[in-house]
Amino acid sequence: VVGVALIGVFIGSLSSNTANGGPDILAPLGSGFLGIINLILTLTTGIIFIAGASAHIKSPPVTQPYAPPQQVHAQRQHRASATYATSTARTTIPPLDAWDPKIWVGNQMGVYKIVSVIGEGGTSYVLKGYYDGRYYAIKILKLSNTRRGTTIVKDYYSSLQKEASNLVSLSNSQYTVKIYAANADENAIKSIINNNDTRLYLRDPPRIIMDFMEGGAVYEVFKNSPLRYTQNWNKIVYKIIYYVSLALDYVHSQGYVHLDIKPQNIYLVKPLDVNNALYSITDNVKLGDLGSAVRVGERIGQLTLEYA
């Protein structure tokens, strides 16, 4: 439209009459050399607009080739990994021996978005992850490069693998904490420890994915709860013992011994209702942290003497 209008100005200038009756093509655009320049620019601009519009109309629409869903997912994962790598490149990562688990918060770990740190034990960190409308507990094995060598790498790897294997086989009971996945690569662990590869540890640490227990450990109930001073406190404790006994009965039926029964390893699926605690404790207790469990007759790798 703009091109046609500009050429119209040019044609109109050809038909303009001057004072002496002759056509003066420069009348609408000025006189002399400047008028000639304006005339040429007007005509050229009009032609360019029309040519551009014609090319746009004639050009076929650009269509994306069909990609199967798996390829689309892989492309998205690649873009996400690239974005993550860029963001971590700007992050100051502490050494393994001074590791701060809060560095994981806000990052992606596989499909899980890390939202907070739940706690820290002697051999692991526990993070809270989110995926597909649910929260999960992510237990990450602590790694250290203070003792280098094959032995310590194998110890770390076998410890994680043993706990994952135990949890998989022992988490089928409604009274034990369920495990969903175990992610560990012996070569990756070796690289993290021997090469101090903290970026790899940040991006892909050895971990197990478990049910998230919203109620926390019963240890906190024993330590801080006002329920201790209610008339139902003894009955609440008895119920906890009852459900742990059911869990142990299942563990023993599978040929294992737990070896680390303590309040820190007994969990509540949901927080207790202080006003109706005796009722809310029902079917609300699970036994977890089965890393110390061993098959009957096997060598004991770790245990808490006070609770074994």
Side-chain angles (χ1 to χ4, degrees), residues 101 112 114-131 134-142 159-160 162-182 207-228 232-254 256-274 276-293 302-304 306-308:
Y112 303 94
I114 306 303
V115 297
S116 66
V117 177
I118 298 175
E120 177 179 347
T123 60
S124 62
Y125 307 105
V126 183
L127 310 178
K128 184 178 180 180
Y130 179 83
Y131 170 68
R134 286 190 58 188
Y135 290 108
Y136 296 84
I138 302 175
K139 185 174 183 179
I140 297 177
L141 186 66
K142 282 186 176 180
S159 175
L160 176 67
K162 185 170 75 69
E163 178 162 1
S165 176
N166 289 349
L167 280 171
V168 167
S169 62
L170 301 178
S171 67
N172 294 324
S173 169
Q174 61 176 314
Y175 306 113
T176 56
V177 176
K178 182 173 178 57
I179 180 175
Y180 292 92
R207 60 195 181 273
I208 53 179
I209 315 300
M210 301 174 288
D211 266 333
F212 173 65
M213 302 286 101
E214 293 182 21
V218 300
Y219 175 75
E220 297 301 323
V221 178
F222 290 169
K223 186 175 67 172
N224 300 319
S225 176
L227 291 173
R228 294 180 61 182
N232 286 326
W233 175 244
N234 287 346
K235 293 180 180 179
I236 292 171
V237 174
Y238 296 155
K239 277 209 168 188
I240 292 173
I241 294 173
Y242 169 71
Y243 288 115
V244 171
S245 299
L246 293 176
L248 286 175
D249 182 60
Y250 177 77
V251 170
H252 296 165
S253 73
Q254 302 302 304
Y256 284 90
V257 182
H258 189 285
L259 295 180
D260 200 13
I261 302 297
K262 56 186 177 183
Q264 292 91 330
N265 291 338
I266 302 167
Y267 298 92
L268 300 173
V269 180
K270 301 288 183 182
L272 288 181
D273 180 359
V274 177
N276 197 5
L278 191 58
Y279 174 78
S280 66
I281 198 72
T282 303
D283 294 327
N284 196 28
V285 178
K286 287 182 181 286
L287 176 63
D289 204 8
L290 304 178
S292 296
Q302 57 177 329
L303 78 164
T304 302
E306 293 83 356
Y307 296 101

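The first residue in the sequence is number 1, and the count goes up from there.
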Considering all heavy atoms, the nearest [X]-[Y] contact:
{"X": "Ile208", "Y": "Ala182", "answer": "CG2-CB, 3.8 Å"}
{"X": "Pro263", "Y": "Ala217", "answer": "O-CB, 3.7 Å"}
{"X": "Ala277", "Y": "Leu272", "answer": "O-CD2, 4.3 Å"}
{"X": "Leu268", "Y": "Met213", "answer": "O-CB, 3.4 Å"}
{"X": "Val126", "Y": "Ala137", "answer": "CG1-CB, 4.3 Å"}

With sequence neighbours excluded, what pairs up with [X] under the side-chain contact (heavy atoms from CB on, under 4.5 Å) test?
{"X": "Val244", "result": "Ile240, Leu248, Ile261, Ile266, Val285"}
{"X": "Asn234", "result": "Tyr238"}
{"X": "Ser173", "result": "Tyr175, Thr176, Tyr250"}
{"X": "Val237", "result": "Phe222, Trp233, Ile241"}

Roughly how far, to the nearest 0.5 Å, is the [atom2] atom of [Y] from the [atom1] atom of [X]?
{"X": "Lys139", "Y": "Arg207", "atom1": "NZ", "atom2": "CZ", "value": "15.0 Å"}
{"X": "Asn232", "Y": "Leu278", "atom1": "CG", "atom2": "CG", "value": "5.0 Å"}
{"X": "Asn172", "Y": "Gln174", "atom1": "CG", "atom2": "CD", "value": "12.0 Å"}
{"X": "Ser124", "Y": "Ile140", "atom1": "OG", "atom2": "CD1", "value": "9.0 Å"}
{"X": "Asn276", "Y": "Ile281", "atom1": "CG", "atom2": "CD1", "value": "11.5 Å"}

So [Y] and [X], do their side chains get closer than 4.5 Å, heavy atoms only?
{"X": "Tyr131", "Y": "Ile209", "answer": "no"}
{"X": "Tyr112", "Y": "Ile138", "answer": "yes"}
{"X": "Leu227", "Y": "Val274", "answer": "yes"}

Donor-acceptor check, side chain of [X] to backbone of [Y], threshold 3.5 angstrom: yes or no?
{"X": "His258", "Y": "His252", "value": "no"}
{"X": "Asp273", "Y": "Ser280", "value": "no"}
{"X": "Asp211", "Y": "Ile179", "value": "no"}

Kindly write out the residues that satisfy ring-ring contact (aromatic ring centres under 6.0 Å, His included) with [X], not counting sequence neighbours, or none if the list is empty.
{"X": "Tyr180", "result": "Tyr136"}
{"X": "Tyr242", "result": "none"}
{"X": "Tyr219", "result": "none"}

Carefully, step by step, assess Ile118 and Phe212 under the rule side chain to side chain contact (heavy atoms under 4.5 Å, CB included). CA-CA 10 Å; Ile118 298 175; Phe212 173 65; 3.6 Å; yes
What residues form a side-chain hydrogen bond (donor to acceptor under 3.5 Å, both in side chains) with Lys239, not counting sequence neighbours? Thr282
Any salt bridge (Lys or Arg N to Asp or Glu O under 4.0 Å) pairs touching residues 213-228, not counting sequence neighbours? Glu214-Lys270, Glu220-Lys223
For residues 117-131, pull every pair meeting salt bridge (Lys or Arg N to Asp or Glu O under 4.0 Å), keeping only residues two or more places apart or in separate chains. Glu120-Lys142
